[in-house]
Amino acid sequence: MSIGVWMWMVAMAGTGSASAASIYDLKITLQDQSTQSVPLSVFEGHPVIVSLFYGSCQYSCPLLMSAVQKVESTLSPAMKSKVRVLLISIDPVRDQPPQLAALAARYKLDLTRWKLATTSEDNVRDIAAVVGLKYRKLPGGDYNHSQVIAVLNDKGDIAARFEGPNPETAKIAATLLEL
Amino acid sequence: MTIFRRYKVAQYLLWGLAIGVFSLALQAIVKKGEAGGISDYRIGTMAKVGPGTLTPFYPPSPQEAQIPMSVFWMDRLPVTQSDYLKFLTEHPKWRRDRVSPLFADSQYLGAWRAPLQLGDGMKPTQPVTQVSWFAAKAYCEAQGKRLPTENEWEFAAAASETAPDGRYDTAWRQRVLAWYERPTAQVLPEVGKSAANYWGIYDLHGLIWEWVLDFNSTMVSADPRESGDAEKTKFCGAGSLTATDKDDYASFMRTAFRSSLEATYTTRSLGFRCAADVEVRGAK
């Protein structure tokens with residue numbers, strides 16, 4: 001009888017969603033810079049820095065890359081090896097895996113821990129809504145967009161969000177350390 | 001003689017009964033037709049909108065001062081409480097006691113008595129409110145539809161009762177503006193009670209705010225007196241936006257409202273309706 005109850009409890013523990021408010025409740029598939037299909041939850045189990053960008057962006061997106069790299073540079077090797085970075089393009093028309101791979105090479109990204117990803121426009125809209133990013137496509141193909149960096153815990157809950165083009169990298173690093 | 005009289009009485013009684021039943025049936029039919037001015041068959045039906053040209057209130061760029069709009073279809077009425085309840089029975093993951101907090105805030109359907117029960121005094125044909133963008137989107141997708149884009153919504157809403165562009169109909173604009181000046185009614189009116197607009201669509205003004213698909217494309221800085229540089233850094237690629245019609249206060253209100261929204265938000269005056277590229281018919 002008690003074994004039955006115990007088994008039931010173990011079974012129930014595995015049937016819930018990742019977490020009460022995990023972004024991984026969004027069942028979305030991405031394609032990364034190496035053309036591999038991965039779920040949004042590809043980095044589940046790790047703290048993750050998530051943001052949105054687009055490859056042709058001249059102004060704030062280079063800032064995004066350098067901000068995240070700066071955060072990483074302040075982390076201990078042990079911490080850095082745990083952290084993952086997931087950057088999703090809001091421009092799936094122009095940012096396909098070849099473009100993402102070229103960007104990764106240009107910024108010398110550590111692809112054992114970083115992924116640049118593309119997905120459908122509907123999925124981008126959902127991810128942006130969850131992360132709190134505002135964006136609008138302009139007639140020329142460029143985008144008008146805000147800047148948001150989200151830090152996720154290992155379950156995919158948003159632990160903190162940082163807005164603006166010059167996020168305080170020290171605070172991002174501090175959030176990671178607290179996870 | 002007695003038998004004959006009894007037979008007559010029975011005959012009168014039967015006639016009386018027949019007339020009574022007939023008149024009750026007639027009343028029921030008439031009442032159904034009266035309900036909200038919209039009988040059930042029109043709930044969920046769509047109207048064809050466009051083609052035409054939209055003059056956005058805040059053109060997002062100089063090249064978008066006039067936006068050509070091709071034909072689309074839009075629900076004649078906002079989604080009602082009973083529509084949404086039916087959706088929940090078929091898609092229980094959207095019940096307020098089961099929905100992921102990622103998709104709706106804690107006030108989602110907060111005024112309902114129970115996850116599958118409307119609130120006290122609520123009527124089935126009131127517009128459903130206290131629903132998040134994710135929930136509204138899921139409802140529309142379940143119907144084979146989608147949320148309208150902001151351009152589609154604004155294009156449909158630009159119509160007065162008699163013209164696709166009601167801009168120069170000052171009486172109509174005054175009525176629209178009057179709604180924005182009133183606080184939200186404690187008890188929301190039922191859908192379809194006012195006149196339809198040029199496209200045959202009801203309640204785009206005067207009832208509720210409505211979700212649009214691309215609500216998170218409205219970017220407005222909190223302080224319009226910020227310098228141009230500040231705008232540029234806050235929104236990559238932004239210039240300063242100038243309203244095309246400074247007298248169109250209603251559009252201004254809607255722009256401000258949409259830019260304050262997040263996808264999980266629910267409010268008592270925010271509901272939605274669905275749209276589609278081609279007409280979607282059938283029972284809801």
Side-chain angles (χ1 to χ4, degrees), chain A residues 16-28 40-41 51-54 56-64 90-91 121-148 150 152 155-158 161 163-167, chain B residues 56 58-68 93-94 98-106 132-138 140-141 146-147 149-151 211-222 229-241 258-265:
Chain A
S17 64
S19 162
S22 165
I23 75 163
Y24 304 145
D25 282 353
L26 267 181
K27 302 300 175 200
I28 274 174
L40 183 65
S41 55
S51 190
L52 295 109
F53 75 105
Y54 69 107
S56 324
C57 170
Q58 299 299 314
Y59 181 68
S60 66
C61 305
L63 287 180
L64 168 69
I90 59 174
D91 187 6
E121 289 188 358
D122 285 346
N123 288 342
V124 168
R125 193 178 295 121
D126 281 353
I127 296 166
V130 149
V131 161
L133 182 97
K134 291 181 194 276
Y135 68 104
R136 182 194 284 264
K137 192 168 187 177
L138 300 172
D142 273 341
Y143 284 82
N144 187 359
H145 67 95
S146 63
Q147 297 95 29
V148 180
L152 312 180
K155 297 192 197 70
D157 305 329
I158 296 181
R161 292 167 67 243
E163 296 205 31
N166 290 308
Chain B
Y58 266 136
S61 65
Q63 302 97 305
E64 291 167 288
Q66 302 261 277
I67 299 176
K93 75 178 234 202
W94 288 100
R98 298 194 194 169
V99 74
S100 163
L102 190 71
F103 299 138
D105 68 19
S106 59
S132 66
W133 178 76
F134 286 110
K137 211 155 68 76
C140 289
E141 282 163 16
R146 55 172 173 77
L147 284 172
T149 63
E150 183 184 336
N151 283 350
W211 281 111
V212 293
L213 182 64
D214 50 349
F215 81 95
N216 59 353
S217 69
T218 306
M219 285 164 282
V220 183
S221 148
D229 285 345
E231 284 289 320
K232 281 201 182 72
T233 56
K234 184 167 178 170
F235 300 121
C236 178
S240 78
L241 301 176
R258 284 186 198 119
S259 67
S260 73
L261 292 171
E262 292 193 14
T264 53
Y265 279 11

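So that the names make sense, note that chain A is the first sequence line, chain B the second, and so on, each numbered from 1. Bear in mind the structure is a predicted one, so any value in this text is a computation, not a measurement.
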Original post:
What part of A:N166 lies closer than 4.5 angstrom to a heavy atom of chain B: side chain, backbone, both or neither?
Top reply: neither
Original post:
At their closest point, which heavy atom of B:Q63 faces which heavy atom of A:P139, and how far apart are they?
Top reply: CB-CG, 4.0 Å
Subject >> Residue part contacting chain A, namely of B:L261, when any heavy atom lies under 4.5 Å >> reply: backbone
**OP:** Please report the shortest heavy-atom distance between A:D25 and B:F103, naming the atom on each side.
**Re:** O-CZ, 3.7 Å
Original post:
Any salt bridge between A:R136 and B:E64, counting N to O under 4.0 Å?
Top reply: no
Original post:
Under a 4.5 Å heavy-atom cut-off, does chain B meet the side chain of A:I23, its backbone, both or neither?
Top reply: both
Subject >> Flag side-chain contact, heavy atom, 4.5 Å: B:W133 against A:D126 >> reply: yes
**OP:** Find the one option among A:D142, A:V130, A:L63 whose heavy-atom pairs under 4.5 Å with chain B are most numerous.
**Re:** A:V130
**OP:** Assess whether side chain to side chain contact (heavy atoms under 4.5 Å, CB included) is satisfied between B:L213 and A:R125, documenting all intermediate values.
**Re:** CA-CA 9 Å; B:L213 182 64; A:R125 193 178 295 121; 3.6 Å; yes
**OP:** Answer with side chain, backbone, both or neither: which region of A:L133 has an atom nearer than 4.5 Å to a non-hydrogen atom of chain B?
**Re:** backbone
**OP:** Go through the structure and list residues passing salt bridge (Lys or Arg N to Asp or Glu O under 4.0 Å) with B:D214, not counting sequence neighbours.
**Re:** none
**OP:** Test side chain to side chain contact (heavy atoms under 4.5 Å, CB included) on B:L102 and A:Y24 and set out the steps.
**Re:** CA-CA 9 Å; B:L102 190 71; A:Y24 304 145; over 6 Å; no
Subject >> A:D122 CG to B:E141 CD distance, which is reported to the nearest 0.5 Å >> reply: 7.0 Å
Original post:
Listed by chain and number, what are the side chain to side chain donor-acceptor pair (under 3.5 Å) partners of B:N216, not counting sequence neighbours?
Top reply: none
